[in-house]
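Order of the sequence lines fixes the chain letters, A, B, ..., with proteins taken first and strands second; residue numbering starts at 1 for each chain.
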Number of protein chains: 2
Amino acid sequence: MLAATIEKATHRLTRRSNERLVLRTIYELGPISRAGVARATGLTRTTVSDVVEDLVGGGLVSEVGMGPSTGGKAPILLEVPADARHLVGVDVDRDRISGALVNLRGEIRSRASRGLADRDGEAASGELASLVLELTHAAQEPLAGIGIGAPGLVDTATGTVRWAVGLDWRDVPVGPRLTELTGLPVVIINDSQAAAMGEWAFGRHDPSSAMIVVKVGEGIGAGIIIGGRLYTGDAAGAGEVGHTRVVDDGPRCRCGGRGCLETVASLRAVLERARELVAESPASVLAQGPLTRDSLRQAFETGDALARQVVLESARPLGRVLGAMIGTLGAREVVLVGAMTAFGQPWLDAVRTETRDSALRLLVEQSSIHLGTTGADVVELGAAAMLMGSELGLAFPV
Amino acid sequence: MLAATIEKATHRLTRRSNERLVLRTIYELGPISRAGVARATGLTRTTVSDVVEDLVGGGLVSEVGMGPSTGGKAPILLEVPADARHLVGVDVDRDRISGALVNLRGEIRSRASRGLADRDGEAASGELASLVLELTHAAQEPLAGIGIGAPGLVDTATGTVRWAVGLDWRDVPVGPRLTELTGLPVVIINDSQAAAMGEWAFGRHDPSSAMIVVKVGEGIGAGIIIGGRLYTGDAAGAGEVGHTRVVDDGPRCRCGGRGCLETVASLRAVLERARELVAESPASVLAQGPLTRDSLRQAFETGDALARQVVLESARPLGRVLGAMIGTLGAREVVLVGAMTAFGQPWLDAVRTETRDSALRLLVEQSSIHLGTTGADVVELGAAAMLMGSELGLAFPV
């Protein structure tokens, strides 16, 4: 009786693992024939055919034509249609929640967002739920689930945000709540870690290198990929560098500390600093209207002295911390993403210069520091990639 | 012909892998019977008996008595004698090269050392070779090989020191030279990484945690253990935090940078700073004689104001960098080793205080920062542990 139960369970596990293997093989190598899948996976032709039948039935795999004959009958080719499943990817930022419907190739099919103004706590949770419902209702294809990138310390195993300073969330069970609301699988992950997964899954990079992805937006955090996997540390805290102290007796931070990197190098900090200086420099173009991220960028691009000073000064403490991270991890690839990357090459150059002076030259020289290649949706893409891994075994096999 | 060659090679590999498995099992679980080894490893009784015969013949395993009978004949118990092999472990520091003969349980059987004064380059290489020969000649037990911990960027695969700032070594093939000299296997590894392996193999720690070991001596560097293995980064540079910049326009460092952590928090920096201040404070007990690490420690312990100021100030930038490392790695366990740990609890407390203020509180609170538990020989022990792994499959199975 027990033996039969165990055998059944084992059979189910094997079946599921074979399904994932076949699906991933077709996703990565397709268009490919059943015989090709058997060769690539080491599974028998019969097993492959059985599994493919189910995958075709579920719409995850399509027959897309005939391959060249190698003597006998021309083989039918299989592939995973990019839109076989859609995923909801969400980027919870401190001032805005942005979401997207993403397909299996990381293409965005639609977007929605909610401004948070200064709402936090339960109000922010409510906006997140409303946005997720809007996207799930808008979906035209079967949904595989919902991936959320949220700032702060996130416990992915329980789906809980342990502490998000800017949102005033402490121990908020975001995952279970959204699963209850939608009936879909939900994964939640730190937003910078999501950005790292987005760049790794859909961006251009050296696959043999470790990769540090630093998100410099309203807040600052990093995600670290080692050996093709997200490295989360002992309690999911790896990459929490926004609260590294960089200024003695510096400005008070929302985390309770002083002089944190976020207080001098984030977009929020840069805007605050610009507002302070504008009050003293009425000649700056920035004094002409409300100071927003867009007006600051325009002033920066037209060479306004104050805008350039504020933005480029913020690059120094960031470079300092990047130096410490490169020294710690010995990683060859550092990718910058987030709102501050809108200041482009001059900001990047300033970050690079300071990083070069902030760690052992030989280490920095063998590192490449560059801007992200997946654009502003990197967190949505990474949250979706995480879900592709956990639900379908794609992108980040688990 | 080819098939036979491959079969032979495969057989040899299997044999070697079984030998390592059996040896490690006896090392970790002994005293243990042959039947016990078979149960623990899944190998057949016959295979275990064959392998054990060879290991006993080679002196790596001894029969040490009879176990309790479980019905039939009482089984013979096996163990790995602690002194079955000795290893040479060497700590190349900036002012002194220290070596030890270490047994398989991390016990030191004898020591030797050479002061470097300010000799570097080829002169330092010569001292290293002379020390290694002294130790290999003194050995009373069969030697498994030589493990070297050296400061700077070390390429373990080729046995080359790529760059050791303090020793003025660039691309020195230490490993090949010592193998030629002694005919023994040699591994060379960064000294802080060796310290991490020493603490991991022979110290007290939480085996489920990641561990950062920071060596604060003449120089400063860290070794990182993730998942029970040394994490070396993309080009062996992980943990090179001594040249993280911590002071704007700070003192010039031997690496070519300015304001590196080593220039303010290493023993060398602390002694230099103390000498500067003593010139201005003739009342300090430090002004009575030559200022050495011993006189500084004595003055520190008797509460001399200048000694306390200099030592405790050096703890601040160190804590700052530890905060950045904890933020980067999310590690729960941070271990401090090296000459500066001689300043004990007051220095440790100052480091802890600054670390707590230098990273997200929640992360630091779940971390433990403590002094190493293996003592001053930690680099020698770690270099030996590395060799135990590569040559015998013990401590760090490879």
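Closest heavy-atom contact between Met325(A) and Thr328(B): CG-OG1, 3.5 Å. Closest heavy-atom contact between Arg316(B) and Asp248(A): NH2-OD1, 3.9 Å. The shortest heavy-atom contact between Cys255(A) and Leu360(B) is CB-CD1, 3.9 Å. Scanning both residues, Arg320(A) and Arg245(B), for their nearest heavy atoms gives CD-O, 3.0 Å. The heavy-atom pair separating Ile226(A) from Tyr231(B) by the smallest distance is CG2-CE1, 3.7 Å. Closest approach of Ala324(B) to Thr244(A), counting heavy atoms only: CB-CG2, 3.8 Å.
If you measure heavy-atom distances from Ser367(A) to chain B, you find no contacts under 4.5 Å at all. Contact annotation for Val247(A): only backbone heavy atoms (N, CA, C, O) come within less than 4.5 Å of a heavy atom of chain B. If you measure heavy-atom distances from Ala222(A) to chain B, you find no contacts under 4.5 Å at all. Residue contact with chain B, scored on non-hydrogen atoms closer than 4.5 Å, involves the backbone and the side chain of Leu329(A) alike.
Most heavy-atom pairs under 4.5 Å with chain A: of the set Asp357(B), Val241(B), Leu153(B), this distinction falls to Asp357(B). Ranking Gly221(B), Ala331(B), Ala210(B), Gly256(B) against chain A, the residue ahead of the rest is Ala210(B), based on heavy-atom pairs under 4.5 Å. With chain A as partner, the option from Arg356(B), Arg361(B), Arg258(B), Arg162(B) having the largest number of non-hydrogen pairs under 4.5 angstrom is Arg162(B). Note: Ser358(B) leads Ser358(B), Gly233(B), Ser209(B) in heavy-atom pairs under 4.5 Å with chain A. No other option in Gly323(A), Gly239(A), Gly257(A) has as many heavy-atom pairs under 4.5 Å with chain B as Gly239(A).
Between Leu363(A) and His243(B) the shortest side-chain heavy-atom distance does not fall below 4.5 Å.
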